[in-house]
There are 2 protein chains.
Amino acid sequence: MEAGKRMDEHETCGHHGHAHDAHGPARTADLVARAERLAQDLGLQFTALRRRTLEVVAEEGRPLGAYDIAERLSVPGKRVAAVSVYRALDFLTEHGLVHRIASRNAFVPCEHGHGAGESAVFLICRSCGSVDETISAEIERSLDRTLAEAGFKPASRIVEIEGECGACQGRSEAG
Amino acid sequence: MEAGKRMDEHETCGHHGHAHDAHGPARTADLVARAERLAQDLGLQFTALRRRTLEVVAEEGRPLGAYDIAERLSVPGKRVAAVSVYRALDFLTEHGLVHRIASRNAFVPCEHGHGAGESAVFLICRSCGSVDETISAEIERSLDRTLAEAGFKPASRIVEIEGECGACQGRSEAG
DNA sequence: GCCCTGCCTGTTACAGTGTAACGCTCGGCG
DNA sequence: CGCCGAGCGTTACACTGTAACAGGCAGGGC
Ligand SMILES: [Zn+2]
Ligand SMILES: [Zn+2]
Ligand SMILES: [Zn+2]
Ligand SMILES: [Zn+2]
């Protein structure tokens, strides 16, 4: 979906934590490699099901529901149940390889190599359904300050913005 | 639940958008009054079901699921279906009287009188389940800046932080 | 009064999301 | 070999949310 945008302009774009929507084979290979390294280092099992689940999520250009993933993983005669997908997704989300979009009950591949402390901001387009993951140290700082003020000890953060992405704005203005 | 905290110390607390968890009858009456004013001004219908739904959500000290609300609204011989509750909740959330907690599929009363432009930050305690709604102009600014940088036009925002509230931290450390 | 219309609600049916529980397999280990 | 733990298949089930249709009820025009 959405032709163009092949990537490599990434380093010179001047944006901060912004990763441009980078799905497709390239990002998939990156993510799989990252998963294998992680499993190696921590003594975890990056099983075939987990790898295939990660691949399906990474290939798709938009958030996928668990049942959609299950369907894509199924082949005639060998059906993958959603519950298995949920377990694989548990693993993948726990280790930051995919993210859950709470407002959509769906999952997207991680577009950054951020650690557990760094939380992401998800920009969800209402028109094309794409999700862009960005990191902003400034937002983290404001959040931390507010949380400290409230005496609240954060464990996980969800920041999801729904709206219209740049591409769709141009599309609807210009025609 | 959770004794103490009767409120009125609100104006002198020095916090910014922080409302302390204010449930109970007082906040309920405030919310109902606000809803009646709003319906009056905009020519909307603040029906019995909508009022009762708002009251149930406001009385509870924690996020309530739609089916929980339906159960509380039901009396022997007169059952309220969840679908009716959803419609009432649609009305209430559209007009900012209650908020949906996406990460919990649950609803809480609005603790502020904020307009549609001002978005809230929800602090969700994993121990006691309470939800505190705070407003931070600083976070809004950082978000706006990041969104502008990404060329993204926001329509609605979800910021939910899971962790441990101040009360529960004290409880687990000291007691 | 009567009809028409719009909004709200009741009811049924159903799709989508997520988890509990049980049992099997496989690989490592004594 | 038996034991054990992790992953996975399978079933069953609970929870969340919506579509579609029918009835009630108020307001407005006739
Ligand atoms: Zn990420
Ligand atoms: Zn778009
Ligand atoms: Zn609010
Ligand atoms: Zn708490």
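Quick note: numbers below take in every heavy atom, side chains included, and nothing from hydrogens, waters or symmetry partners. A, B, ... follow the sequence lines: proteins, then strands. Residue 1 opens every chain.
- What separates CZ of B:Phe91 from C1' of C:dC8 is a distance of 11 Å, to the nearest Å.
- Contacts of B:Arg50 with the nucleic acid, taken as non-hydrogen atoms under 4.0 Å apart, involve only primed sugar atoms and P, OP1 or OP2.
- Protein atom CG of A:Leu49 is 16 Å distant from nucleotide atom P of C:dC26, rounded to whole Å.
- Ranked by how close their nearest DNA chain D nucleotide is to the 5' end, A:Thr47 and B:Ala106 are led by A:Thr47.
- Here B:Arg104 lies out of heavy-atom contact (under 4.0 Å) with every strand.
- For the pair B:Val80 and A:Gly65, nearest-nucleotide mapping onto DNA chain C gives the more 5' position to B:Val80.
- One atom, NZ of B:Lys78, and another, C1' of C:dG10, lie 7 Å apart when rounded to the nearest Å.
- Closest to the side chain of B:Tyr86, out of C:dT11, D:dG9, D:dT16, is D:dT16.
- Neither OP1 nor OP2 of C:dT9 sits under 4.0 Å from any side-chain N or O of B:Ser84.
- Taking the six-membered ring for Trp, B:His99 and B:His114 have ring centres closer than 6.0 Å.
- For B:Arg100 and D:dG17, the shortest distance from a side-chain N or O to OP1 or OP2 is below 4.0 Å.
- When heavy atoms are screened at a 4.0 angstrom cut-off, A:Val83 is found touching base atoms of the nucleic acid.
- Checked by atom type, the side-chain pair B:Glu138/A:Thr146 shows no donor-acceptor distance below 3.5 Å.
- In this structure, the CD atom of A:Gln45 is 11 Å from the C1' atom of C:dG28, given to the nearest Å.
- When all heavy atoms of A:Ala66 and A:Val85 are compared, the closest pair comes out as O-CG1, 3.7 Å.
- With hydrogens and angles ignored, the 3.5 Å screen pairs a side-chain donor or acceptor of A:His112 with a backbone N or O of A:Glu133.
- Residue A:Asp68 contributes atom CG, which lies 10 Å from atom C1' of C:dG16 at whole-angstrom precision.
- Taking atom CG of residue B:Leu73 and atom C1' of nucleotide C:dT9, one finds them 13 Å apart after rounding to whole Å.
- When rounded to the nearest whole Å, the span between CZ of B:Arg87 and P of D:dC21 equals 14 Å.
- Heavy atoms only, all atoms of each residue included: A:Ile139 and B:Ser142 are closest at CG1-CB, 3.6 Å.
- Put simply, CG on B:Asn105 is 8 Å from P on C:dG18, counting in whole angstrom units.
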